[in-house]
Amino acid sequence: MKPLWTGVYPAVTTNFFEDQSLDFQTFENNINEQIKAGVHGIIVCGSLGENGTLSTDEKLALLESAKKAIAGRVPLIMTVAECVTTEAVSFVKTVEQAGGDGFMMLPPMRYASDERETLHYLHKVADATDLPVMAYNNPVAYKIFLSIPMFHDLAQNQHFEAMKESTGDVRYMTDIINEFGDRFKILSGVDDLAFESLVMGAHGWVAGLVCGFPRETVVIYELVQQGRIQEAREIYRWFFPLLHLDIGNKFVQNIKLAETAVGMGTEMVREPRLPLVGEERQAVLDVIEKALKVRPVLPQI
């Protein structure tokens with residue numbers, strides 16, 4: 001199923017048992033709830049999916065599990081975040097053969113590559129398959145900035161159809177639109193900038209708190225598309241304290257705690273991450289519980 005790169009694309013969590021093994025049933029249950037809520041695609045093994053702690057075999061097992069849960073209803077996007085170019089090339093070929101529908105591709109991990117090296121990596125990996133690619137621009141977390149001149153280079157490669165915009169500067173998105181028109185689909189990758197990005201022309205939202213609040217996320221997106229800005233803004237303002245949980249070093253633990261609070265996941269993370277404890281955990285729970293007490297009745301869309 002070809003991704004259109006419009007709408008809400010959850011970057012789903014990866015679920016674990018206490019012994020650190022993969023919990024496929026919880027993983028599939030959450031994906032099913034996302035699709036029932038109206039999302040437009042599923043992204044697996046992203047940063048929120050604890051990509052860096054997963055082996056290649058585990059990523060492929062999660063791909064198969066996600067395929068089973070999705071059952072052809074929406075596109076399935078696999079994240080590419082390998083450290084070695086040859087491993088990334090091998091991985092994308094295997095994912096294509098296994099039935100993935102597209103890729104969210106990060107620049108090289110662990111090594112802060114320069115512009116020439118970054119573009120070489122992105123092109124070489126993208127050209128290894130026929131599947132479409134969304135380039136992930138997150139210099140805050142990954143120390144590599146995909147500049148407008150670099151996107152001009154990527155624009156020559158038809159594999160690159162979309163970009164995940166996570167610079168944290170909503171102004172950059174307008175620069176991109178002014179520079180490229182409709183060449184790339186743009187998906188906001190920062191939860192607490194998503195409404196602003198959608199209003200300014202983003203085509204979609206790669207979301208994190210959607211993992212616990214899928215319907216609210218979809219309704220905000222759909223209301224903006226319908227021009228019902230005031231209604232979308234009111235829900236977004238309610239959602240905003242929760243969306244802040246997507247920011248910071250422990251965003252995975254935060255979002256998994258939110259999933260747990262609404263019965264859509266567990267708190268288990270893979271070491272070296274550890275579940276939140278003590279005052280830190282209670283502070284996040286306070287945000288979640290306060291929001292749940294005044295959870296809005298969603299309008300018809």
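Count residues from 1 along the sequence.
The CG atom of Leu146 sits 10.5 Å away from atom OG of Ser166, with the distance rounded to the nearest 0.5 Å. Atom-to-atom distance recorded for Arg281:CZ and Leu276:CG is 7.5 Å, nearest 0.5 angstrom. The OG atom of Ser47 lies 5.0 Å from the CZ atom of Phe251; values are rounded to the nearest 0.5 Å. Note that the OG atom of Ser113 and the CG atom of Leu122 stand 8.0 Å from one another [nearest 0.5 Å]. Atom CD1 of Ile220 and atom CG of Leu243 lie 6.5 Å apart (nearest 0.5 Å). Atom CE in Met104 sits 4.5 Å away from atom NZ in Lys164 (nearest 0.5 Å).
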Run the numbers on Met105 and His159 for side chain to side chain contact (heavy atoms under 4.5 Å, CB included), then give the verdict. CA-CA 11 Å; Met105 189 179 300; His159 288 122; over 6 Å; no
Walk me through whether Ile288 and Asn254 qualify under side chain to side chain contact (heavy atoms under 4.5 Å, CB included). CA-CA 10 Å; Ile288 297 165; Asn254 293 345; over 6 Å; no
Checking Asn15 against Lys256 for the side-chain hydrogen bond (donor to acceptor under 3.5 Å, both in side chains) test, could you report, in this order, the C-alpha distance in whole Å, the side-chain angles of both residues, the deciding distance, and whether it holds? CA-CA 9 Å; Asn15 303 102; Lys256 284 193 164 182; over 6 Å; no
Please walk me through it: do Val219 and Glu222 pass side chain to side chain contact (heavy atoms under 4.5 Å, CB included)? CA-CA 5 Å; Val219 166; Glu222 296 291 356; 5.8 Å; no
For the pair Asp169 and Thr167, evaluate side-chain hydrogen bond (donor to acceptor under 3.5 Å, both in side chains) and give the outcome as yes or no after the intermediate values. CA-CA 5 Å; Asp169 185 353; Thr167 62; 5.8 Å; no
Evaluate side chain to side chain contact (heavy atoms under 4.5 Å, CB included) for Phe151 paired with Glu179, printing each intermediate quantity in order. CA-CA 10 Å; Phe151 275 116; Glu179 189 74 19; over 6 Å; no
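Shown here for Leu48 and Ala11, the closest heavy-atom pair between the two residues is CD2-O, 3.0 Å. The minimum heavy-atom distance linking Phe91 with Thr79 is given by the pair CE2-O, 3.6 Å. For Phe17 against Leu22, the heavy-atom pair with the smallest separation is CE1-O, 3.4 Å. Of all non-hydrogen atoms in Phe213 and Val262, the two that sit nearest each other are CZ-CG1, 3.9 Å. When all heavy atoms of Val80 and Ala88 are compared, the pair lying nearest together is CG1-CB, 4.1 Å. The two atoms that bring Ile255 and Gly208 nearest to each other are CG2-O, 3.7 Å, heavy atoms only.
Judged by distance alone, the side chain of Gln253 and the main-chain N or O of Leu274 form a donor-acceptor pair under 3.5 Å. In this structure, the side chain of His203 engages the main chain of Ile186 through a donor-acceptor pair within 3.5 Å. Checking side-chain atoms of Arg183 against main-chain N and O of Ala155 turns up a donor-acceptor pair under 3.5 Å. Although no hydrogens or angles enter the test, the distance criterion places a donor-acceptor pair under 3.5 Å between the side chain of Asp101 and the main chain of Leu76. For the pair Asn51 (side chain) and Cys45 (backbone), a donor-acceptor distance under 3.5 Å is present. In this structure, Tyr9 contributes its side chain and Val39 its backbone to no donor-acceptor pair below 3.5 Å. The backbone N or O of Glu234 lies less than 3.5 Å from no partner atom in the side chain of Arg237, so there is not a single donor-acceptor pair. A donor-acceptor pair under 3.5 Å links the side-chain atoms of Thr53 to the main chain of Glu50, judged by distance alone. His40 places a side-chain N or O within donor-acceptor distance of the main-chain N or O of Val8, the cut-off being under 3.5 Å. Judged purely by atom type and a 3.5 angstrom limit, Thr260 uses its side chain to pair as donor or acceptor with the backbone of Glu267.
Checking Thr13 against Glu259 by side-chain atom types alone, a donor-acceptor pair falls below 3.5 Å. Counted by atom type alone, Asp153 and His123 present one or more donor-acceptor pairs between their side chains at under 3.5 Å. Side-chain atoms of Asn32 and Glu28 form no donor-acceptor pair, as typed in the model, at a separation below 3.5 Å.
Inter-residue side-chain proximity for Arg270 and Thr14 is flagged as unmet; no heavy-atom pair is nearer than 4.5 Å. Side-chain contact between Phe239 and Phe195 is absent, with no heavy atoms from C-beta onward closer than 4.5 Å. At least one side-chain heavy atom of Ile301 sits less than 4.5 Å from a side-chain heavy atom of Gln226. For the pair Asn137 and Met163, the minimum side-chain heavy-atom distance is 4.5 Å or more. Between Leu131 and Val92, the closest side-chain pair of non-hydrogen atoms is not below 4.5 Å. Considering only heavy atoms from C-beta on, Pro3 stays 4.5 Å or farther from Met134 through its side chain. Side chains of Thr129 and Phe103 form a contact here, defined as non-hydrogen atoms less than 4.5 Å apart. Asp191 is listed as a side-chain neighbour of Trp205, based on a closest heavy-atom distance under 4.5 Å.
Counting heavy-atom neighbours within 6.0 Å of Arg110 CZ, excluding the residue itself, gives a total of 12 or less. For Asp182, the CG atom counts as loosely surrounded, since its 6.0 Å shell holds 12 or fewer non-hydrogen atoms of other residues, nucleotides or ligands. Within a 6.0 Å sphere centred on CE of Met109, other residues, nucleotides and ligands contribute more than 12 heavy atoms. For Asn178, the CG atom is densely surrounded, since the number of other residues' heavy atoms within 6.0 Å is greater than 12. Heavy atoms from other residues, nucleotides or ligands lying under 6.0 Å from NZ of Lys2 number more than 12.
The aromatic rings of Tyr172 and Phe145 sit tilted relative to each other, their planes meeting at an angle between 30° and 60°. Between His152 and Phe180, the ring planes lie tilted relative to each other; the angle falls in the 30° to 60° range.
Val170 and Phe184 sit in two unconnected hydrophobic clusters of ILVMFWY residues. Membership requires side-chain heavy atoms under 4.5 Å apart, directly or through other members. At a threshold of 4.5 Å between side-chain heavy atoms, the hydrophobic network of Ile, Leu, Val, Met, Phe, Trp and Tyr places Leu106 and Phe160 in two separate groups. Leu285 and Trp238 fall within a single hydrophobic cluster, where Ile, Leu, Val, Met, Phe, Trp and Tyr are joined by side-chain heavy atoms under 4.5 Å apart, directly or via other members. In the hydrophobic clustering of ILVMFWY residues, with side-chain heavy atoms under 4.5 Å counting as a link, Leu209 and Leu223 come out together. Under a hydrophobic-cluster definition in which Ile, Leu, Val, Met, Phe, Trp and Tyr are linked whenever side-chain heavy atoms come within less than 4.5 Å, directly or via other members, Tyr142 and Val206 are assigned to the same cluster.
A salt bridge links Lys36 with Glu33: the closest approach of a Lys/Arg side-chain nitrogen to an acidic carboxylate oxygen falls below 4.0 angstrom.
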